[in-house]
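Here it is, the structure in full.
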Amino acid sequence: MLVLNHVRLKKFLAAFLVGAFAISFPIASDARRLHDPKVETKSEVRDFSAEDSEQNVRLTEEESKIVAPEENYSPESKISQLFSAPVMSDDSILGLPVATQRQCVKYLTANNPNPSLGVSAEEIVAFYYEEGIREGIRPDLAFAQALKETGFFRYGGDVVPEQNNYCGLGTTGGGVKGVYFPDPRIGVRAHIQHLLAYTSTRMPTTEIVDPRYQIVRARYGTNILSRWYDLNGRWAVPGYHYGQDIIAMFKDILIQ
């Protein structure tokens with residue numbers, strides 16, 4: 001009887017150890033940051049200049065969990081994050097596109113069949129996707145911003161089509177035309193680099209063509225913005241609904 005009990009005890013201990021190992025062994029790779037891993041992410045309050053104090057940015061609760069240190073995770077929380085963490089936030093400036101290039105082209109041509117561009121609608125969209133993906137900027141939303149800034153490439157304000165300036169760089173109103181770029185691709189590159197200046201401390205992967213890139217970086221330093229709404233009152237003044245308008249246009253692109 002003593003031998004039998006000893007055998008049962010050994011079986012029980014073996015089963016317990018196997019179960020404990022199964023619980024602690026990761027089922028899949030740990031959740032990682034959803035955007036470019038080279039981009040610095042901060043979970044604390046980001047302090048900007050005094051005039052920006054009312055618009056300080058915090059990471060969402062979900063993002064804070066994703067970038068939390070490994071030792072703060074339990075096995076259960078790891079598994080939960082793999083299946084419940086959001087894949088993409090609609091209002092993120094950084095990230096990969098959700099809309100397709102075809103949807104962007106259809107949205108543009110539906111609103112303006114004859115855009116004032118030096119290239120075709122397909123080419124300008126392709127430039128946004130190539131330049132945006134290279135720098136980790138959402139190209140579909142950057143393109144939506146260009147549509148807002150140019151009135152679907154109709155212009156009609158201070159900027160003229162020949163400037164290849166799709167985001168109002170350097171224009172302040174009152175007849176100030178802003179920056180001229182030599183061709184559409186460089187104009188798109190400058191737009192993407194200007195967004196990168198606000199959203200990351202990482203230098204662009206290509207030569208800087210945005211003449212205001214260093215101005216933005218000097219002002220923000222290690223602080224960064226992460227949402228289109230954060231551009232309200234910064235990219236456009238007063239810009240109360242600037243980011244919201246861009247998000248609304250992006251959602252219209254998605255239904256094309």
- Where do G132 and P139 come nearest, in terms of heavy atoms and distance?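 Shortest heavy-atom contact: CA-CB, 4.4 Å.
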- Task: Output every pair passing side chain to side chain donor-acceptor pair (under 3.5 Å) with a member in residues 108-118, not counting sequence neighbours, ordered by first then second residue.
- Result: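 Matches after skipping sequence neighbours: none remain.
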- Task: Rounded to the nearest 0.5 Å, what's the gap from CG on L96 to CD1 on I137? Could you check?
- Result: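 Going from the CG atom of L96 to the CD1 atom of I137 covers 11.5 Å.
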- Query: Are T201 and R217 side-chain neighbours, meaning at least one heavy-atom pair lies under 4.5 Å?
  - Reply: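 Result yes, sub-4.5 Å side-chain heavy-atom pair found.
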- Item | I208 vs M203 side-chain heavy atoms within contact, under 4.5 Å |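 Yes, close enough: below the 4.5 Å cut-off.
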- Task: Decide yes or no for P115 and R154: does some side-chain heavy atom of the first lie under 4.5 Å from some side-chain heavy atom of the second?
- Result: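 In short, these two side chains do not touch, never coming nearer than 4.5 Å.
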- Message: Is there a side-chain contact between Y166 and L117 in this structure, where contact means two heavy atoms from C-beta onward sitting under 4.5 Å apart?
- Response: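 Counting from C-beta outward, Y166 and L117 do come under 4.5 Å.
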- Message: Can a donor-acceptor pair be found, under 3.5 Å and without considering hydrogens, that links the side chain of Q193 to the backbone of E207?
- Response: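 Present.
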- salt bridge (charged side-chain N to carboxylate O under 4.0 Å, His left out) partners of K148, counting only residues at least two apart: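 Listed in chain order: D245.
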- Pairing residues for R185 by the salt bridge (charged side-chain N to carboxylate O under 4.0 Å, His left out) criterion, not counting sequence neighbours: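 Per chain and number, R185 pairs via salt bridge (charged side-chain N to carboxylate O under 4.0 Å, His left out) with E130, E131.
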- Item | Exercise: identify the closest heavy-atom pair between R234 and Y198 |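 Scanning both residues completely, I find the closest heavy atoms to be O-OH, 4.0 Å.
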- Okay, side chain of E135, backbone of T205: is any donor-acceptor separation there less than 3.5 Å?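 Looks like yes, one N/O pair under 3.5 Å.
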- Mind checking whether I93 and L141 have side chains closer than 4.5 Å, heavy atoms only?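 No, every pair of side-chain atoms sits at 4.5 Å or beyond.
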- Any chance you could measure T206, atom OG1, to R189, atom CZ, to the nearest 0.5 Å?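 Output value for this atom pair is 4.5 Å.
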- Message: How about CZ on R102, more than 12 heavy atoms from neighbouring residues, nucleotides or ligands closer than 6.0 Å, or not?
- Response: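 No, not enclosed.
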- Verdict with reasoning, Y155 to Q163, per side chain to side chain contact (heavy atoms under 4.5 Å, CB included): CA-CA 11 Å; Y155 297 94; Q163 289 179 247; over 6 Å; no
- Query: With side chains defined as the heavy atoms from C-beta onward, is the minimum distance between K251 and I247 less than 4.5 Å?
  - Reply: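 They are in side-chain contact.
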- Item | Shared hydrophobic cluster for Y213 and I215 (ILVMFWY, side-chain gaps under 4.5 Å) |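 Different clusters.
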- If you group Ile, Leu, Val, Met, Phe, Trp and Tyr whenever their side-chain heavy atoms sit less than 4.5 Å apart, what else falls in with F181?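 Its cluster mates, by chain and number, are L169, V179, I186, V209.
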- Message: When you measure from the side chain of D91 to the backbone of W228, do you find a donor-acceptor pair of N or O atoms at a distance under 3.5 Å?
- Response: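 Checked: no pair found.
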- Message: For a side chain to side chain contact (heavy atoms under 4.5 Å, CB included) check, start with the C-alpha distance between Y129 and V125, then their side-chain angles and the critical distance, and finish with the verdict.
- Response: CA-CA 6 Å; Y129 274 68; V125 169; 3.9 Å; yes
- Task: Grab the two heavy atoms, one from T199 and one from L195, that are nearest each other, plus how far apart they are.
- Result: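 Closest heavy-atom pair between T199 and L195: OG1-O, 2.9 Å.
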- Query: So, for A142 and I192, which heavy atoms are closest and what is the spacing to 0.1 Å?
  - Reply: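 Closest approach of A142 to I192: CB-CD1, 3.8 Å.
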- Give, for atom CZ of F127 and atom CG of D183, the distance between the pair rounded to the nearest 0.5 Å.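 F127 atom CZ to D183 atom CG measures 7.5 Å (nearest 0.5 Å).
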- Task: Show which residues join V160 in its hydrophobic cluster (side-chain heavy-atom contacts under 4.5 Å, direct or indirect), or state none.
- Result: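 Y180, all in the cluster of V160.
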- Residue K106 excluded, over 12 heavy atoms near NZ under 6.0 Å: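 Counting neighbours around NZ of K106, 12 or fewer heavy atoms of other residues, nucleotides or ligands fall under 6.0 Å, so no.
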- Message: Quick check on the hydrophobic clustering: are Y240 and W235 connected, directly or via other members, by side-chain heavy-atom contacts under 4.5 Å?
- Response: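 Different hydrophobic clusters.
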- Item | Pair H191, E149: side-chain N/O donor-acceptor within cut-off below 3.5 Å |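 Their side chains do not contain a donor-acceptor pair, so the 3.5 Å distance test is not met.
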- N165 and T150, any side-chain heavy atoms less than 4.5 Å apart: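 No - every pair of side-chain heavy atoms lies 4.5 Å or more apart.
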- Write down the atom of A144, the atom of I253, and the distance for their closest heavy-atom approach.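 In this case the closest contact between A144 and I253 is CB-CD1, 4.2 Å.
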- Under the salt bridge (charged side-chain N to carboxylate O under 4.0 Å, His left out) rule, collect the residues that match up with D140, sequence neighbours excluded.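 Testing D140 for salt bridge (charged side-chain N to carboxylate O under 4.0 Å, His left out), a comparison that skips the adjacent residues, returns R138.
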- Any side-chain heavy-atom pair from F153 and L147 closer than 4.5 angstrom?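 When only atoms from C-beta onward are counted, L147 and F153 do touch, with a gap below 4.5 Å.
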- Please report the closest heavy-atom contact between L108 and A121, naming both atoms and the distance.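 So the minimum-distance heavy-atom pair works out to CD2-CB, 3.8 Å.
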- Task: Test C104 against every option in F250, Y128, F143 by the side chain to side chain contact (heavy atoms under 4.5 Å, CB included) rule and name the one that passes.
- Result: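 The option that passes is F143.
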- Query: How far does CD of E162 sit from CG of N164, to the nearest 0.5 angstrom?
  - Reply: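 Here the rounded value is 8.5 Å.
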